[in-house]
Structures are given as structure tokens and as C-alpha cells.
Amino acid sequence: MADEKQFDLRRALDANEIIPYFQPMVELRTGKLTGFEILARWRHPQRGIIHPDEFIPLAEQTDLIGQLTGNLLRSAFAAAAVIPPHLTLAANISLTQLTDRTLPHHIRNAAQQSNFPLDRLILEITESALLGNPELAYLIAHELKEQGSRLALDDFGIGYSSLRQLQALPFDEIKVDASFVRSMTFTRESRKIAAAIIGLGNSLGLLTVAEGIEDQNHADMLLWLGCDIGQGYLYGRAAPAEDLPATLAQRMPS
Ligand code: C2E
Ligand code: CA
Ligand code: CA
Ligand code: CA
């Protein structure tokens with residue numbers, strides 16, 4: 001069964017069924033669009049749209065993640081031709097990929113094909129496991145930064161995304177996990193934890209980004225706590241490239 005799924009994913013990659021969706025990111029203070037996060041979707045011929053939780057772990061375990069990321073970035077950079085040049089794209093990179101020496105080269109190649117400048121690319125490092133080779137990850141992280149991209153620590157505060165990682169790699173941003181945003185409006189304790197995370201980010205000189213913002217209450221509170229950037233259903237769900245022009249027209253009326 002697992003083999004069958006792996007075979008199906010391999011076929012999907014070759015058939016270009018893994019496509020980028022784009023979710024708006026906004027500056028909390030002004031509500032202005034700052035860019036989009038690229039989120040993988042599998043457009044399956046029989047099953048319809050499949051979410052990444054169902055195939056990213058398999059891709060990570062089978063080494064298909066490199067090809068998946070490459071395909072996804074190429075499609076996303078091509079689609080970004082309609083995006084104004086001051087907006088950024090944020091891509092998800094599995095922590096294990098930071099020990100792949102070819103990663104910087106593959107990202108550079110994908111960007112060059114569409115003339116997408118690498119200083120408009122943010123790499124969100126997502127962690128599903130502890131890292132085996134932190135020294136190599138450190139070198140590759142630096143190489144990615146030398147190419148011009150920024151690094152964000154994703155899902156900060158949960159799982160393996162910890163204070164230690166913050167020290168280990170040269171991050172520019174932290175993304176406060178949605179679970180803190182969700183619980184923030186319920187208890188004083190959760191609010192204090194969110195405040196501490198954002199305060200930590202600010203005092204380290206990092207850009208702070210909050211995900212999972214679903215209502216104005218969340219947004220107001222995060223702004224008050226000093227959070228810079230927000231993302232969530234309040235501003236827009238992830239949508240396919242075809243929807244980018246409409247989103248841009250709506251969020252950046254000229
Ligand atoms: P993530 O990076 O934390 O992305 C945020 C997830 O929350 C996305 O789920 C997004 O659709 C969802 N979301 C956004 N706004 C809201 C909101 O207001 N409320 C709620 N309840 N949810 C919201 P999605 O697209 O299913 O992605 C799940 C995870 O899969 C991502 O979590 C990321 O860790 C991983 N992922 C997605 N694309 C890639 C990829 O290309 N490579 C890798 N390595 N991982 C990916
Ligand atoms: Ca992310
Ligand atoms: Ca996240
Ligand atoms: Ca998350």
C-alpha cells in the first residue's frame with residue numbers, strides 16, 4: 001500500500017500534478033500585501049485536490065522532496081510574473097533538505113528560468129524531525145543567504161521548532177504557529193506566551209510573522225503585541241495561480 005502511494009506520487013511529479021497555491025501575507029500595521037506563501041497541492045486526476053499533510057511526509061521519507069520542491073518553485077516563479085516586484089514569495093523547505101548540497105543550486109536554477117530575483121524569496125524551514133547533521137545544515141543555510149534569500153523558522157514554538165534551532169541557524173524571521181494565535185483570545189496564559197514569543201523575535205531583531213489569523217480580534221491583538229506580518233483566512237485562503245490577478249486587484253487597488 002505504501003509502495004503504491006509512493007509510485008503514485010512519483011507519477012504525479014512527472015505529470016506535474018503537484019502545483020503551487022498562493023496565500024496572501026500582509027503587513028499588520030497597514031493591511032498592505034507583502035507577498036504570498038507557496039503551499040503545495042496535489043491535483044489528483046481521480047481524488048481532486050489533496051492537501052500537503054497527505055503527501056509531504058511521504059515525499060520527505062522517500063527523497064522525492066527535492067524534486068517536489070524544484071517543480072513547485074519553477075511553477076511558482078513562472079506564475080509570479082504577474083506579481084509586482086516589491087512582493088515576496090515564501091517557500092516551505094523541509095529541514096532535512098538543508099543537508100542536501102544541491103539545494104542552493106536547484107533553487108538558483110529555478111529562479112533564473114523565470115528571472116525571479118532570489119532576494120524576493122523567503123525560505124520557511126519546517127521541521128518534522130531533529131537534524132542529523134547540523135554542521136552541514138549551517139553551511140547550506142549560509143549559502144542560501146549568500147544567494148540573497150531570507151530564512152524563516154516555521155511553526156515556532158511547537159514540535160522541534162525550538163529556541164535551540166533559533167541559535168543553530170541564521171534566521172531572519174520567525175513564524176508564530178497558528179495554535180498560539182488560535183488560543184490567544186481565550187486565556188491570559190496563551191496571550192502571555194504569544195507576547196513572549198513575539199517579544200523574543202523583536203528583541204533578536206527578527207521579523208515576526210503570525211499564521212492562522214482568522215478574525216480581526218486576532219489581528220488587533222497581534223499588532224498590539226508588536227507582530228509585523230500576518231497571514232490567515234481573514235486576509236485570504238491559499239488559491240491557485242489563476243486567482244492571483246483577482247487577489248492583486250482586490251488587495252492593491254490602483
Ligand atoms: P504551514 O507552513 O504552517 O502552512 C500553513 C497551513 O495553514 C496551510 O495548510 C494553510 O492553508 C493553513 N492556513 C492558512 N491560514 C489559515 C487560517 O486562517 N486558519 C486555518 N485553520 N488554517 C490556515 P496546508 O496548505 O494544508 O499546508 C500544511 C503544511 O504542509 C504547511 O504548514 C507546511 O508545513 C507543509 N507544506 C506545504 N507545502 C509544502 C512544501 O512545498 N514543502 C514542504 N516541505 N512542506 C509543505
Ligand atoms: Ca510555512
Ligand atoms: Ca507555519
Ligand atoms: Ca503551522
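Just so it is clear, the model here is predicted, and its values are computed rather than measured. Order of appearance sets the numbers: ligands from 1, and atoms from 1 within every ligand.
The heavy atom nearest to atom 11 (O) of ligand 1, out of those in His51, Arg182, Arg41, is found in Arg41. Of the candidates Leu73, Leu39, Leu234, it is Leu39 that places a heavy atom closest to atom 10 (C) of ligand 1. Considering Glu54, Glu60, Glu211 only, the shortest heavy-atom separation from atom 5 (C) of ligand 1 involves Glu211.
For Asp53, every heavy-atom contact with ligand 1 shorter than 4.0 Å involves the side chain, none the backbone.
The nearest N/O/S atom of Asp154 to the Ca ion (ligand 2) is OD2. Taking the Ca ion (ligand 2) as reference, the nearest N/O/S atom within Glu37 carries the name OE2. Glu124 contributes atom OE1 as its closest N/O/S atom to the Ca ion (ligand 2).
Using a 4.5 Å cut-off on side-chain heavy atoms (C-beta onward), Leu207 and Phe171 make no contact.
Inclusion of Ser94 in the set of residues having an N or O under 3.5 Å from an N or O of ligand 1 is warranted. Where the criterion is an N or O separation shorter than 3.5 Å, residue side chain and backbone included, Glu124 fails it with respect to ligand 1. Polar contact check, Ile65 against ligand 1: no nitrogen or oxygen pair lies under 3.5 Å apart. Considering backbone and side-chain N/O atoms, Glu214 comes within less than 3.5 Å of an N/O atom of ligand 1.
Remark: Arg182 does not engage Glu211 in a salt bridge, criterion side-chain N to carboxylate O under 4.0 Å.
Glu37 counts as a contact of ligand 1, since one of its heavy atoms falls under 4.0 Å from the ligand. Assignment of Ala178 to the shell around ligand 1 is not supported, since no heavy atom sits closer than 4.0 Å.
With a 6.0 Å cutoff to the six-membered ring centre and a 45° limit on the axis angle, Arg10 does not count as a cation-pi contact of Phe7.
The minimum heavy-atom distance linking Glu124 with Ala90 is given by the pair OE2-CB, 3.4 Å.
Residue Leu72 has at least one heavy-atom neighbour below 4.0 Å for each of these atoms of ligand 1: 41 (O).
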Working for salt bridge (Lys or Arg N to Asp or Glu O under 4.0 Å), residues Glu17 and Arg11: CA-CA 9 Å; Glu17 289 172 14; Arg11 181 199 53 75; 2.8 Å; yes
